[in-house]
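A note on names: the letters A, B, ... follow the listed sequences, proteins ahead of strands, and every chain is numbered from 1.
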There are 4 protein chains.
Amino acid sequence: MVNASTPDERPRSSDRIDPRITQTRRVVREAVLDELADAGFGGLTVESVAARAGVGKSTIYRHWRDRLDLVADALEQLNRQPGPQPDGGTARKQIEQLVHHFATAMGDPRLSATVPALIEAAERDASIAEFFHRYNAQRRQTLVDAIAAGIEAGELPGHLDSELTALALIGPILYRRLMTGEPLSTAQVTDLVATAIGPEHRAWA
Amino acid sequence: MVNASTPDERPRSSDRIDPRITQTRRVVREAVLDELADAGFGGLTVESVAARAGVGKSTIYRHWRDRLDLVADALEQLNRQPGPQPDGGTARKQIEQLVHHFATAMGDPRLSATVPALIEAAERDASIAEFFHRYNAQRRQTLVDAIAAGIEAGELPGHLDSELTALALIGPILYRRLMTGEPLSTAQVTDLVATAIGPEHRAWA
Amino acid sequence: MVNASTPDERPRSSDRIDPRITQTRRVVREAVLDELADAGFGGLTVESVAARAGVGKSTIYRHWRDRLDLVADALEQLNRQPGPQPDGGTARKQIEQLVHHFATAMGDPRLSATVPALIEAAERDASIAEFFHRYNAQRRQTLVDAIAAGIEAGELPGHLDSELTALALIGPILYRRLMTGEPLSTAQVTDLVATAIGPEHRAWA
Amino acid sequence: MVNASTPDERPRSSDRIDPRITQTRRVVREAVLDELADAGFGGLTVESVAARAGVGKSTIYRHWRDRLDLVADALEQLNRQPGPQPDGGTARKQIEQLVHHFATAMGDPRLSATVPALIEAAERDASIAEFFHRYNAQRRQTLVDAIAAGIEAGELPGHLDSELTALALIGPILYRRLMTGEPLSTAQVTDLVATAIGPEHRAWA
DNA sequence: CGCTAACCGAGACGGTACGTCCCGTCTTTAC
DNA sequence: GTAAAGACGGGACGTACCGTCTCGGTTAGCG
């Protein structure tokens, strides 16, 4: 996401990364999160972030394309999707974990605050849309894969479409976050999973 | 919502109201909706609304406190819901019809253009949020009722939660519209319903 | 000056004037003068005048072409000059008295408040300028005449130019009122006169 | 006058100043003078100045507090008081030169156009008054000093009060500019000086 | 003494300029 | 040679008045 507009990866002389860059990005990202907490998304200003981070405004624009990019990137740091379960649990466990993670993100006001802004921005800007949709597809794919694996393993009913089932799991969470005043609680995730892929101990064979 | 800051209703000498006021409010509200669809909430400008409505900027500020008040009021005009389904056919048919209707709406660029705008606006303003969430709840209720009736009639599996099931039906459609580049096609509605409430000819009893 | 734009004098049926018109004009003119004193010319607003006069804005525009016309007309009411000095005493005494009078007027905040307003207005509007300058010339003439009489009588040095000397007497008072924070006190009038026409007991013959 | 609201002179790290600032100020000041000539003081608009200077409106407000500050500053550039005579002429010569300069300024419609506006503004705003009066005092001081030096040197009659005499010299010029339709011509300066401090070749000893 | 014409208040209207704010870009200078 | 500082053009914000324009309601004075 960082500097998505810059196509070249500029490997510079070698592929060493200037440690100052890393440092700058970290303090700015922290400032963004603090500012988000203090002023909300609408009240967040590039200038206020720069001031809080003790950084020049131009420095921010050197690393991020614009306000949205800045915020989205900062939030991404907080929102590390759990890697695929090394092998451990059942497919259902893994699915539940991913859905739980999404519900948690959508339940955190700070974390989910950029989603509406990104949706809006994507609506009016093709390149934002392209990024945003691709990003979502990536995230979604993990879940789709887990579902497909569950079907493959005979753990989930064979009539399921993995794509549609994934949507049936995360769509409701998105809906609750955006269209109602009350995000889906993580406690409801189990019920949601049961609704979408059937109750746990019910045999479908 | 109009001039929410003025608490007294002050009926003036009689309760006649200047017809110019009515007229102005109507054309401005229409301009707001058109502008929302074209430019989104973030791109909506008081000046552009004024220009589109053929009205002075000061006239707008005479009637609405600020940009937010203007948009919220205009959107309230949309709250003209069609009466409840006249009923007929199986519960599944009725549900499919409702879901189909929602998918159609979300598939129409023009119709669904205000949704991102509303989501964004609701995020920033509590009174818009209040209206928007209530409006969505009303719409959703029709589907929830149909599902509950289906369960009651033994037509749908008893383990379903009608609220969650409704979300599992419309959530995916919303998700596809907002988070991907491709809204759910109406052709997929049958599959979606099958995913959420089970395939049609499968007995669960 | 009133309604200079209206060429017809509308004699109506007879030449009776509706008393409401007279009344309106009077209260509005008074409101203008009060407003000028309080807020200055730049701060004078048609709306504030209307409010102060307890009159509708449209009523004002019914009688005066615009803001300038309104102010110019109101100021013309001030043109009520006291008759010429009844004469008596030496020329110097008479001069001192006139200068003292001017210094008193300029020292009274209330009395002198319209001067800056008039100056400003004259700067912007030729007809106000014409009135204002003529009015000032009239007032000044009394002093010029007194000085000329003093020279004629041999009471003042013959090398004096009566016009310039008059200016040397009232110019400083105006300057102090407008360009400094402290108007010339009346106690300084004697010194001022001495500066302009020489000390009293000094012989110039 | 520029940014009079900023009390500290903040020389930054060193006393270098950004050349863009100098450039901007110059082109804007020129645009102000052109605009004054074309549209007059009342017709001068910050936006028109910005457009003429090819500069953003915000840039103007970055350098000047408001319209008045902008105009006053621009005019100040034109109105450089002659430095104190290195030593050369007599006190009378020096005085005549200063008075001549003031008369010239007051005779130039463009130069003197802001005086009424400033007077008006000072009347209603304490901080403008403070600046304006201090500025005038500074200007006046040069003349007062020259007069005092002349008295000290025995070149001017000892009975003169240098402050009052200065007022007797510039007061008339101000009066003519503001209160009559005809500013004092520079040709009359010699006569004016003669009136205030006595004819040149007359002995007073 | 009632009618009608005018005058009135209230204030909505289209405009225009104000001065503020923040965006994202670009320039200069310091380290 | 990179980063901080911040000037810059741009453009929307919300405010304040301008002068125009409906509105009904009220009042004067003729008939």
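Residue C/Ile60 is the one, among D/Arg67 and C/Ile60, whose nearest nucleotide of DNA chain E lies closer to the 5' end (criterion: closest heavy atom). Nearer to the 5' terminus of DNA chain E, by closest-nucleotide assignment, is the contact made by C/Thr22 (compared with the other of C/Thr22 and B/Thr22). The residue among C/Thr45 and D/Gln23 whose nearest nucleotide of DNA chain F is located toward the 5' end is D/Gln23.
With sequence neighbours excluded, no residue satisfies salt bridge (Lys or Arg N to Asp or Glu O under 4.0 Å) with C/Arg26. Residues satisfying the salt bridge (Lys or Arg N to Asp or Glu O under 4.0 Å) criterion with C/Arg52, sequence neighbours excluded, are C/Glu35, C/Asp38. Partners of D/Ala113 under the side-chain contact (heavy atoms from CB on, under 4.5 Å) rule, at least two apart in sequence or in another chain, do not exist in this structure. Partners of B/Thr45 by side chain to side chain donor-acceptor pair (under 3.5 Å), not counting sequence neighbours: none found. Residues passing the side chain to side chain donor-acceptor pair (under 3.5 Å) test with B/Glu30: none are found, sequence neighbours excluded.
The A/Tyr61 side chain lies nearest to E/dC23 when the options are E/dC7, E/dC23, F/dC18. Set against E/dC13, E/dC8, F/dT20, the side chain of B/His63 has E/dC13 as its closest nucleotide. Taking only side-chain atoms of B/Arg20, from C-beta outward, the nucleotide of E/dT20, F/dC13, E/dC13 with the closest atom is E/dC13.
Atoms CD1 and CZ, from A/Ile60 and A/Arg67 in turn, are 12.0 Å apart once rounded to the nearest 0.5 Å.
Interface residues of residues 47-59 of chain A facing DNA chain F, ordered by number: A/Val55, A/Gly56, A/Lys57, A/Ser58, A/Thr59; criterion, heavy-atom separation under 4.0 Å.
Rounded to whole Å, the distance from CG on D/Asp66 to C1' on E/dG19 is 9 Å.
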